[in-house]
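Below you'll find the structure, written out as C-alpha cells, and then a few comments.
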Protein chains: 2
Amino acid sequence: MTLHSSTELTSTTSVAKNTENHSTSRTLPEDLLIHLQQAIISGELPLGSKISEAELAKRYQVSRGPLREALVKLETLGLITRSANVGARVIQLKQEDVIYHFQIREALEGMAARLAAENIESQELQALYDLLDVHEQTVNDPEANQSMHQSGNFDFHLRIIKASKNPQLISMLTDKLYAMIRLFRHQISTHRTDPKQALQEHKMLLDAIANREGDLAELLMRRHISRAASLLVMTLKDTSVNSHPSLQADRQDSHQSIHSSNKHKKG
Amino acid sequence: MTLHSSTELTSTTSVAKNTENHSTSRTLPEDLLIHLQQAIISGELPLGSKISEAELAKRYQVSRGPLREALVKLETLGLITRSANVGARVIQLKQEDVIYHFQIREALEGMAARLAAENIESQELQALYDLLDVHEQTVNDPEANQSMHQSGNFDFHLRIIKASKNPQLISMLTDKLYAMIRLFRHQISTHRTDPKQALQEHKMLLDAIANREGDLAELLMRRHISRAASLLVMTLKDTSVNSHPSLQADRQDSHQSIHSSNKHKKG
DNA sequence: AAACATAAAATTGTCGACAACATGGTTTTA
DNA sequence: TAAAACCATGTTGTCGACAATTTTATGTTT
C-alpha cells in the first residue's frame with residue numbers, strides 16, 4: 001500500500017522553526033524529543049509500530065537530521081529500538097519489561113530515599129508534609145478521581161528523589177525511568193492501587209526521612225515500590241498486555257490511528 | 001589562533017567507510033561512539049576541553065551528521081555536556097561526581113547481586129568459581145601487576161551483573177556506568193585497593209549467591225562497592241583531582257596533547 | 001584606559017540531495 | 001513446482017552547503 005495516508009495524520013503538528021507556535025524549547029531535537037515522547041505515551045504512535053523517518057519528518061515539518069538526533073535519544077530512553085539500515089520501532093511492552101523496570105526503580109528510588117534522609121532540607125520536608133495533607137483530603141474526597149491521586153503520588157516521589165541531592169540519580173530517575181512509567185500508566189488503564197494504603201505508606205516513609213533514618217527510609221521505599229509493582233503485574237495478568245487488542249500493532253505499517261489516547265477504558 | 005593544527009593530531013584516525021581498516025561496527029555513529037569514548041578515557045580528549053565538531057569530523061574523516069549522533073549518545077552516557085549553539089565539552093571530574101556515581105552503582109549492583117542469587121545458572125556459577133581460582137593465583141603471584149587484578153575484578157562484577165538476567169539492568173550497568181568507571185580508573189592512576197581483601201569479599205559474595213541468599217548477596221555487594229568507593233575518595237583527597245595539573249584542561253582551546261595516557265604517575 | 005556598540009569570524013543548527021542497503025516481487029533455472 | 005538469482009522500489013546512512021547564533025575582534029566614546 002502507498003503511504004500517502006499523511007492526510008490521516010494530525011495535520012502537520014509543525015514543530016518547525018521561527019513560526020512561534022506552541023513549541024517551547026530552542027533546538028529542534030529537543031522539541032522533537034518531547035513531542036515524540038508524548039506521541040508514544042499517548043498511543044498516537046502505537047506500540048510496536050514502525051517509525052518512518054520520512055513520514056515523521058514531513059509531519060513535524062523538519063528535516064531528517066534533527067529528527068534522527070531525537071531518535072537516538074529516544075532509543076537511549078528505551079522508548080524505541082533501532083537497528084542499522086532497517087529503522088526504528090516503538091518498543092513492545094512485555095510483562096517482563098514491567099518487572100525489569102520496577103526492579104531497577106526499586107533499587108534506585110530506595111537509594112534516593114536513603115540519601116533524602118541524609119540530605120533533605122527543612123523547607124523540602126515541610127513541603128512534603130503539606131503535600132501529604134492535601135493528599136489526605138483528596139483521599140477522603142469522594143469527588144476525587146484516579147488521576148488526582150496519581151499526580152499527587154507522582155509529585156511525592158519526585159520531591160523525595162530531588163531531596164537526595166544526587167544529580168545523576170535525579171536525572172536517571174526523572175528523565176529516563178519516569179518516561180517509561182508514564183508509558184505504563186497510559187497504556188494500562190486499569191490500576192487498582194488503593195489510595196489510602198499508598199497514603200499510609202507515604203506517611204511512614206516521610207517520617208523515617210524526617211527522623212534521618214536512612215536505613216528505614218530505604219526499606220520502606222523499596223517495599224512501597226515493590227508492592228506497587230506486584231499490584232501492577234497482577235493487573236497485567238488479568239488484562240494481559242500481550243493480548244490486549246489496542247496494544248498490539250500490526251508489525252507492518254505504521255500510519256497511526258490518531259488521537260486514540262482515551263481508548264481502552266475499563267470495560 | 002588558527003586551527004590548522006590538524007598536523008598535531010593523530011594523523012587522521014579515519015573511521016571512514018569501506019576502507020576496511022580496524023573499524024568493526026557497521027554504522028558510523030557506532031564506530032565514532034567507540035572511538036570517542038576511548039579518546040576521552042585515554043585522555044586524548046582532555047577533561048573539560050571543548051569539542052569542535054568540525055575538527056573531529058575532519059579527524060575521523062566523516063561528516064558532521066553521524067558525528068553529531070555520536071555526540072548525542074556521548075551526552076547520555078554522561079561523558080560530555082552539550083548546550084545549544086555553544087557546543088560540547090568533555091565533562092569535568094569533580095570529587096562529588098565520583099561519590100554520586102558510586103551511590104548509584106551501589107544501588108544497582110546490589111540489586112544485580114540479589115537477582116543473580118535468584119537467577120544464576122549452574123554453569124555461570126561454575127565459571128565464576130573458576131574465575132576466583134585464577135584470581136587467587138594472581139593474588140599470590142608477585143609478578144602480577146595492578147592491571148591484571150583489575151581486569152579480573154572487572155570480569156567478576158560483569159558476570160554477576162549478567163547473571164541477574166535483567167536486560168535493562170545489564171545494559172544500564174555495562175553500557176552506561178562502566179564507561180564512567182573506566183574513565184575514573186584511567187584518570188586516577190593511584191588506586192590502592194588491596195587485591196587480597198577484594199578476593200576475600202568476592203568469595204563471600206559468590207558463596208551467598210550460590211546459596212541463593214539474595215538478601216545477603218545484596219548486602220555484601222553493597223558493602224564491597226561502598227568500601228571501594230571510600231577508598232577511591234580517600235585517594236582523591238590526597239591526589240586532589242581538581243588541582244591535579246594534567247587533569248585540568250584550559251577552558252579555551254581543545255587541540256589535544258595526544259597519547260598522554262601514561263602521564264600523571266604518582267610522583 | 002574602561003566600557004559600550006558594532007562588525008567580522010568561527011561554530012553550531014538545519015536542510016536537501018545522493019549513496020548504500022533492505023525488502024518484495026518477478027523472472028530464470030533446476 | 002520450488003528455489004535461486006535478479007531487479008525495482010522504498011528506506012536508511014551519509015554528505016556538503018547554507019542559515020542562525022555565538023564568540024572574537026575592532027573601533028568609538030566617555
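In what follows, chains carry the letters A, B, and so on, assigned in the order in which the sequence lines appear, proteins first and then strands, with residues in each chain numbered from 1. Computed from heavy atoms alone, side chains included, the values below leave out hydrogens, waters and symmetry copies. Keep in mind that what you see is a predicted model, and the values were worked out from it rather than measured.
Minimum interatomic distance between L67(A) and L56(A) (heavy atoms only, all atoms of both residues): CD2-CB, 3.8 Å. Across L169(B) and L108(B), no two heavy atoms sit closer than the pair CD1-CG, 3.7 Å. Across L28(A) and P66(A), no two heavy atoms sit closer than the pair CB-CB, 3.8 Å. What you find for M111(A) and A107(B) is that their closest heavy atoms are CB-CB, 3.8 Å. G48(B) and Q92(B) make their closest contact through CA-OE1, 3.8 Å (heavy atoms, listed as atom of the first residue, atom of the second, distance).
Here dT14(C) presents its C1' atom at 7 Å from CG of L28(A), a figure rounded to the nearest Å. Spacing between atom CG of N85(B) and atom C1' of dA19(D) amounts to 11 Å, rounded to whole angstrom units. If you measure from atom CG of L67(A) to atom C1' of dC15(C), you get 13 Å, rounded to the nearest angstrom. Rounded to whole angstrom, the span from the CZ atom of R89(B) across to the C1' atom of dT11(C) amounts to 13 Å. If you take CD of E55(B) and P of dA10(C), they are 14 Å apart, rounded to a whole angstrom. Put simply, NZ on K58(B) is 12 Å from C1' on dA10(C), counting in whole angstrom units. Summarising the geometry, the separation between CG on D31(A) and C1' on dT14(C) is reported as 14 Å, rounded to the nearest angstrom. When rounded to the nearest whole Å, the span between CD of E53(A) and C1' of dG10(D) equals 13 Å.
Listed pair K50(B) / dT22(D) fails the phosphate criterion, with no side-chain N or O lying under 4.0 Å from OP1 or OP2. Checking the phosphate oxygens (OP1, OP2) of dG10(D), no side-chain nitrogen or oxygen of S52(A) falls inside 4.0 Å. Taking side-chain N and O atoms only, R26(B) has a distance below 4.0 Å to OP1 or OP2 of dA22(C).
Residue contacts shown for G87(A) are limited to sugar-phosphate atoms, with no base heavy atom under 4.0 Å away.
In terms of position along DNA chain C, the nucleotide closest to A54(B) lies nearer the 5' end than the nucleotide closest to the other residue of the pair A54(B) and S63(A). Mapping R64(B) and E69(B) onto DNA chain D by nearest heavy atom places E69(B) closer to the 5' end of the strand.
Nearest nucleotide to the side chain of V86(A), out of dT23(C), dC15(C), dT12(C): dT23(C). Side-chain proximity of P66(A) to the nucleotides dT14(D), dC15(C), dT12(C) is greatest for dC15(C).
Contacts between residues 76-83 of chain A and DNA chain C, defined by a heavy-atom separation below 4.0 Å, involve no residue at all.
Of the listed residues (K176(A), K73(A), Q37(A)), just one forms a side-chain contact (heavy atoms from CB on, under 4.5 Å) with L79(A), and that residue is Q37(A).
Using a 4.0 Å cut-off between a side-chain N of Lys or Arg and a carboxylate O of Asp or Glu, K165(B) and E121(B) qualify as a salt bridge.
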